[in-house]
Amino acid sequence: MPTLLITGANRGLGLEFVKHYAAAGWRVHACARQPDAPALKAIAGDVRTYKLDATDWAGIATLAQALRGEAIDLLLANAGISGQAAGELGTIEPSVWTQTFLTNALAPVKLAEAFVTHVAESKLRLMIAISSRLGSISLNDGGGRYAYNASKSALNMGWKSLSVDLKGRGITCVVLHPGWVSTDMGGAQAPVTPPQSVAGMTHVIAELKPTDSGKFFNFDGAPLTY
Ligand SMILES: NC(=O)c1ccc[n+]([C@@H]2O[C@H](COP(=O)([O-])OP(=O)(O)OC[C@H]3O[C@@H](n4cnc5c(N)ncnc54)[C@H](OP(=O)(O)O)[C@@H]3O)[C@@H](O)[C@H]2O)c1
């Protein structure tokens, strides 16, 4: 069966992805700052947990080294923060921007960089980043959320460059918008539940072709513009 490596696996969409792929029989390398979270520990199947802060560059390198020789079919950069504190015009706080960019834009690219060989040695060769429609420059009609939106735009650009640079190694790199989802980040009023979002995204992932590399999709499969 294929193998998944995912960040931010202890709650929200990350936890739901682990449930989905573990139930499908995949081996799951579930990375989280809190790998002993009861909800994660309770998931049955071949789930291996690792303590990893997504912005711990040395920790990423150490994990990649520990897993050398292990093919990773699907690398899923999921961990993210909203950066909404001091995110609006008039309240912009450089330290919030820094942490939001480190987590949402740089960490996924560092993860991809560390695991290129593992993914290249797999059968499916997929790298997916959970971005946001809010990172689309062309679709921005709402303004605000400066740090978050800009960090996701930067993520999109990083992933697009990966799609170009890794084409020769047969790796498909795609960014996904999960919808507005009722996680801690999305809030209880969000119209899409985590199971609905993950059902959609995993369907999109299962249908991807190499020619999709570099693209941006909604969780229902609709293409999005950058
Ligand atoms: N929910 C939405 O409506 C929505 C919409 C668009 C995009 N997204 C994106 O979807 C992804 C998942 O979000 P979510 O809704 O599931 O949010 P969430 O419920 O707030 O969960 C965020 C996850 O990211 C982890 N995380 C944050 N910073 C981390 C770090 N430095 N190292 C390791 N893990 C870290 C959290 O771990 P801790 O428990 O340790 O904090 C948690 O597991 C994010 O990239 C988010 O931007 C969500």
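Each ligand, and each atom within it, is numbered from 1 in the order the structure gives.
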Which ligand 1 atoms are under 4.0 Å away from a heavy-atom of [X]?
X    : result
I81  : 27 (C), 28 (N)
W180 : 3 (O)
G8   : 25 (C), 43 (O)
G12  : 16 (O), 19 (O)
Y148 : 6 (C), 7 (C), 8 (N), 9 (C), 46 (C), 47 (O)

Answer yes or no for [X]: is there a heavy-atom contact with ligand 1 below 4.0 Å?
X    : value
R133 : no
S131 : yes
A190 : no
N10  : yes

Given [options], identify the one with the heavy atom nearest to [atom].
atom                    : options                : value
atom 8 (N) of ligand 1  : S197, S132, S182, P178 : P178
atom 1 (N) of ligand 1  : L52, T183, D56         : T183
atom 33 (C) of ligand 1 : A9, A107, P35, A54     : A54
atom 10 (O) of ligand 1 : L155, L102, I130, V198 : I130
atom 5 (C) of ligand 1  : A77, G186, P108, G179  : G179
atom 31 (N) of ligand 1 : T7, D53, N78           : D53

Considering non-hydrogen atoms of the protein only, which is the closest contact for [atom], and what is the distance?
atom                    : answer
atom 3 (O) of ligand 1  : V181 N, 2.8 Å
atom 28 (N) of ligand 1 : R33 NH2, 3.3 Å
atom 34 (N) of ligand 1 : A79 CB, 3.6 Å

Query raised in the report: Backbone or side chain, does any N or O of T103 fall under 3.5 Å from an N or O of ligand 1?
Result: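 Between T103 and ligand 1 (N or O atoms, distance only) the closest approach is not under 3.5 Å.
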
Query raised in the report: Closest heavy-atom contact between W159 and I128?
Result: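 Smallest heavy-atom distance, with atoms named: CZ2-C, 3.8 Å.
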
Query raised in the report: With distance as the sole criterion, is a donor-acceptor pair present between the side chains of T91 and E88 under 3.5 Å?
Result: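 No donor-acceptor contact under 3.5 Å links the two side chains.
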
Query - Residue pair T225 / S138, side-chain donor-acceptor N/O under 3.5 Å - result: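 Yes, because at least one side-chain N or O of T225 sits under 3.5 Å from a partner of the opposite role on S138.
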
**Report entry** Whether S213 side chain and C173 backbone form a donor-acceptor pair below 3.5 Å
**Finding:**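 Between the backbone of C173 and the side chain of S213 there is a qualifying donor-acceptor contact (under 3.5 Å).
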
Query raised in the report: If we only count heavy atoms from C-beta on, is the L102 to W57 side-chain gap below 4.5 Å?
Result: yes

